[in-house]
Structure formats: structure tokens, C-alpha cells
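Worksheet: one structure, shown below.
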Number of protein chains: 2
Amino acid sequence: MAEVWTVAPTARRLILASTSRVHGTGYLDHLEPHLEKLLAGIDRLLFVPYAGHDLDGYLGQVRQRFAALGVGVDGIHQAPDPVAAVEGAAAIFIGGGNTFRLLDRLLRDRLVEPIRRRVEAGTPYLGASAGSNVAGLTIRTTNDMPIVQPASFTALGLVEFQINPHYIDPDPTSTHMGETRDARLREFHEENETPVVALREGALLEIEGERITIEGEPGGKLFLRGSEPQPLVAGDRIDRRLPSSG
Amino acid sequence: MAEVWTVAPTARRLILASTSRVHGTGYLDHLEPHLEKLLAGIDRLLFVPYAGHDLDGYLGQVRQRFAALGVGVDGIHQAPDPVAAVEGAAAIFIGGGNTFRLLDRLLRDRLVEPIRRRVEAGTPYLGASAGSNVAGLTIRTTNDMPIVQPASFTALGLVEFQINPHYIDPDPTSTHMGETRDARLREFHEENETPVVALREGALLEIEGERITIEGEPGGKLFLRGSEPQPLVAGDRIDRRLPSSG
């Protein structure tokens with residue numbers, strides 16, 4: 001995957017969450033302390049709803065949630081010039097939904113490079129679920145159904161690895177013959193070399209420059225080609241566990 | 001999806017199975033009576049292992065299984081001219097694994113049109129899991145991880161709808177926030193019109209010309225855009241339930 005360009009990990013600041021919601025709590029509630037830190041001093045963010053279907057409805061939900069944090073929200077789908085909206089954004093949030101639909105729209109609207117440049121320059125980025133998937137090098141480790149065909153699977157490359165959100169451990173009591181998540185990620189490494197950070201629901205990555213930390217009690221797993229999956233627990237430094245080649 | 005070409009449903013004969021194996025039984029065991037009917041009078045079939053990774057190992061497993069039915073097996077990956085192998089095949093079996101890897105190889109080896117022509121001319125076709133996915137119009141309703149990027153999601157079009165194999169009903173007790181299968185198929189119909197036949201493990205489609213019957217006690221569901229999913233039980237005629245426009 002050496003041909004895939006990623007941001008220079010200097011000024012970047014990201015929160016990449018496995019899910020927008022954990023069972024029994026409200027939208028983004030489990031992320032609140034991390035959001036307050038990421039968005040300190042920021043009173044407006046640009047929301048990208050393209051993983052969803054009802055874009056105005058999705059924007060309304062997000063507006064209501066961030067109002068409680070004192071942060072106003074603009075929807076990129078309502079911007080007369082979406083690239084200019086990215087270039088002027090104080091912070092960017094890409095929400096969950098279908099990753100193929102999301103990347104397709106980012107590509108068609110030529111938003112990939114502008115978002116990458118802004119994040120490289122230090123604009124805070126929040127991703128949840130599909131919004132975390134597209135922060136990786138490619139969308140090849142999404143769990144989503146390929147309901148639309150994007151021109152490319154290459155994604156934003158805000159981090160130098162793949163994300164697998166909504167990670168779920170194999171269930172030894174299951175009688176279902178469809179592949180477990182671990183089997184799917186092994187298949188990924190039959191065809192690709194890139195490391196995969198799998199995040200259980202409730203876990204997230206906090207990224208500040210070169211420092212990449214997993215947070216949230218559920219933790220996750222690191223999948224490297226040719227190795228058994230390694231457990232990741234809250235506080236682990238992912239950047240120290242990645243192969244130096246990226 | 002009117003632009004997608006499918007076989008003329010005249011001479012076609014197919015078995016499309018949800019899975020290669022149901023829990024607690026051996027490889028293809030639950031399909032045995034259907035295989036004996038599909039392959040009556042045939043002593044050799046062409047196996048396409050491209051959904052798998054260890055192609056020779058996969059061929060060995062399939063050879064052993066079909067030896068018990070008195071049917072010899074050639075692996076297309078060992079053929080000096082794969083297109084000629086398709087053109088000379090008495091029957092074609094595409095096995096399970098990863099649907100993206102499978103379709104990518106079918107496209108790169110220019111096998112889509114030759115397989116379509118042979119099935120249209122009456123060559124029996126057996127698909128299991130990924131091999132059933134690619135028999136549909138597109139792979140947009142696969143459950144698999146997009147570990148490689150095929151040039152197109154358009155598939156063999158041996159039937160005039162989409163297949164969703166390994167269908168599993170929503171679990172009302174689940175606390176996992178990832179999308180249920182039904183939610184994924186609703187997302188598909190936000191973006192596409194094509195009907196989807198979802199097959200629970202153990203179910204299969206038996207297709208003879210225009211006649212399309214679901215078999216196997218677990219049954220399945222028919223998803224049509226803008227409607228609630230409809231139950232399908234063994235013996236139901238799918239061709240009578242599809243919108244006439246296809």
C-alpha cells in the first residue's frame with residue numbers, strides 16, 4: 001500500500017469512534033469528554049451527512065446534539081460551495097451510516113483532498129463508524145453492504161492504517177456459518193498488508209500528531225498480516241505497535 | 001437497473017445455495033438431493049475456486065466431495081485457457097469465500113460473458129454463498145468485506161434479481177449497534193430498485209427456465225423496494241412474486 005498517500009502526522013487532531021452510540025445511551029453520549037477536549041474553543045463545525053439517506057433529518061439530529069455542547073453545526077450538503085465549506089471549517093465531523101455511499105459522494109464532490117489538507121493543517125476531525133472507516137487508508141475493512149459503487153476504495157488517509165469499527169469478537173456458541181469478523185480480517189490480510197485497528201463499540205482512537213491512543217473500556221484488537229490478533233486496552237499507544245514501514 | 005443484461009430465462013438450470021454447509025453437517029451435504037438432480041447424467045464439472053485463497057487446497061476439498069457423487073472436478077485455475085474451459089464445461093460450480101475477490105478474478109480473466117452464455121445455453125450452474133451472490137445482477141447485496149476492489153460490481157446476471165446469502169433475522173435481544181441485515185437491505189433499496197431474495201442458511205433456489213422455487217425448510221425473505229419484507233417458505237415460486245418489470 002506504499003502508493004497511498006496519508007497526511008503527515010504532525011498537526012493532526014482526530015477522534016475516531018467505533019460507533020455513534022453504545023447500547024442504552026444517547027447519540028454521541030459516550031464520546032462527550034473527548035468531544036469537549038477536541039472542540040475546546042470551537043463554536044461551529046462542518047457536518048458531513050453523506051453516509052446517511054435523509055440528509056436534512058440527519059443534520060437536525062446532529063445540530064440538536066451539539067447545541068448541548070454549545071457548538072453550532074453546518075451541513076455540507078446545504079453549502080453552495082462544498083469545497084469552500086471544508087476550507088473554511090473550524091472542525092469537521094463525518095457521521096455514521098453506509099461507508100460506500102459516503103465515499104462515493106466524497107469522491108464525486110472532490111472533497112477527499114480538501115479534507116485531507118485541512119486535517120493535515122490541524123483542523124479537528126471527528127469520525128464515527130463510517131466516518132472512522134473513511135479516515136483510514138481505504139474502505140476495504142468496512143462492515144457495510146456495497147449498496148453503491150464508488151470510483152475507488154481509497155479513502156481519506158488521515159491515519160496510516162485501516163479501521164474496523166463495530167468490532168465484535170467471535171461467538172463460540174454461534175451456529176451461523178457466515179464468516180466471523182476475525183475471519184473477514186484474515187481474508188483482508190490474504191490480499192493486503194496494511195495494519196487494521198479494530199475497535200469494539202464504545203472504544204475510540206484519540207490522535208494528536210504522531211501519538212495514537214485507544215480509549216474506552218471495551219478496547220479493541222490490532223490485526224497485523226501474518227500474526228495473531230493482539231489485544232488493545234484503553235490507554236495503549238497504537239503508534240508504538242505499528243510496523244515502522246506503515 | 002434496466003441497463004443490466006441478464007440471461008434469457010429459457011434453458012437455464014441453476015441451484016443457488018445460501019451456504020456450502022449448515023451447522024453440524026458436512027460440506028454440501030444439505031444440497032445432495034438437489035445436486036443429484038442438477039447433475040444427472042453429468043460426470044465432470046468445472047470448479048471456480050476464486051472466492052478462496054488456497055486454490056489447490058479448495059479444489060482438493062471439492063474433488064473429494066464430488067467423488068462421492070461420481071462426478072470428476074476440474075479447477076479453472078489449472079486450465080491453460082480458462083475461457084475454453086468454460087466453453088467446454090458440462091457443468092459449472094462457483095464456490096463460497098469472498099465475493100469481491102471472486103468477481104475481481106472473473107472480470108480480470110474475462111469469464112463473465114462466457115459463463116453467462118453457457119448458462120443461457122443450458123449448462124447446469126451450482127452456486128454456493130459467494131457463488132450465489134455473483135449469479136445475481138450485482139454484488140451490491142453481499143455480506144462480504146471489500147478486501148479487493150473489482151472494476152465493477154455488476155455480476156453474472158444469471159437471475160433477474162439480487163441474492164443475499166447467509167440471511168439472518170434481526171436478533172431482538174442484541175445490544176450490538178452495527179446494522180442488522182434487514183437495515184442493510186433497506187439501505188440497498190434507498191439506492192437501488194432491484195428485488196432481493198434473502199436465503200437463510202439451509203435454503204436454496206432451484207431454477208429451471210422461468211420457474212424459480214425456494215427450497216429448504218429455513219426459507220427466506222423477499223425484499224422489494226418500498227415494501228415490508230415478505231416471508232418465503234419452501235416451495236414458494238419466486239418468479240410469481242417478482243415485479244413484472246424485473
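Below, read A as the first sequence line, B as the second, and so on, with proteins coming before strands; counting in each chain starts at 1. Keep in mind it's a predicted model, so treat the numbers as computed, not measured.
- The parts of B/S152 that come within reach of chain A are both its backbone and its side chain, each placing non-hydrogen atoms under 4.5 angstrom from that chain.
- Salt-bridge check for A/K221 with A/D169: passed, with a basic side-chain N closer than 4.0 Å to an acidic carboxylate O.
- Contact count versus chain B (heavy atoms, under 4.5 Å) is highest, among A/I139, A/L185, A/V148, A/D144, for A/V148.
- B/Y167 pairs in a side-chain contact (heavy atoms from CB on, under 4.5 Å) with only one of the listed residues (B/N143, B/T19, B/D182, B/T141), which is B/D182.
- With a 4.5 angstrom heavy-atom cutoff, A/E187 touches chain B via backbone and side-chain atoms both.
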Side chain to side chain donor-acceptor pair (under 3.5 Å) evaluation trace for A/H77 with A/D56: CA-CA 8 Å; A/H77 64 294; A/D56 287 339; 2.8 Å; yes
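- In terms of heavy-atom proximity, B/A203 sits nearest to B/G219 at CB-O, 3.3 Å.
- Interface remark: A/Q149 contributes backbone and side-chain atoms alike to the contact with chain B (heavy atom separation under 4.5 Å).
- More than 12 heavy atoms of other residues, nucleotides or ligands lie within 6.0 Å of CD in B/E32, so this atom counts as buried by the packing criterion.
- Comparing B/H166, B/E179, B/R21, B/R181 by how many heavy-atom pairs each has under 4.5 Å with chain A, the most go to B/H166.
- For chain A, the option among B/H189, B/R184, B/H176 with the highest count of heavy-atom pairs below 4.5 Å is B/H176.
- Interface remark: A/E190 contributes backbone and side-chain atoms alike to the contact with chain B (heavy atom separation under 4.5 Å).
- In this structure, CG on A/L55 lies 9.0 Å from CD on A/Q78, to the nearest 0.5 angstrom.
- Using a 4.5 Å cut-off between heavy atoms, A/N164 touches chain B through its side chain atoms alone.
- Heavy atoms of A/A183 lying under 4.5 Å from chain B are absent altogether.
- What you find for B/I76 and B/P49 is that their closest heavy atoms are CG2-CD, 3.8 Å.
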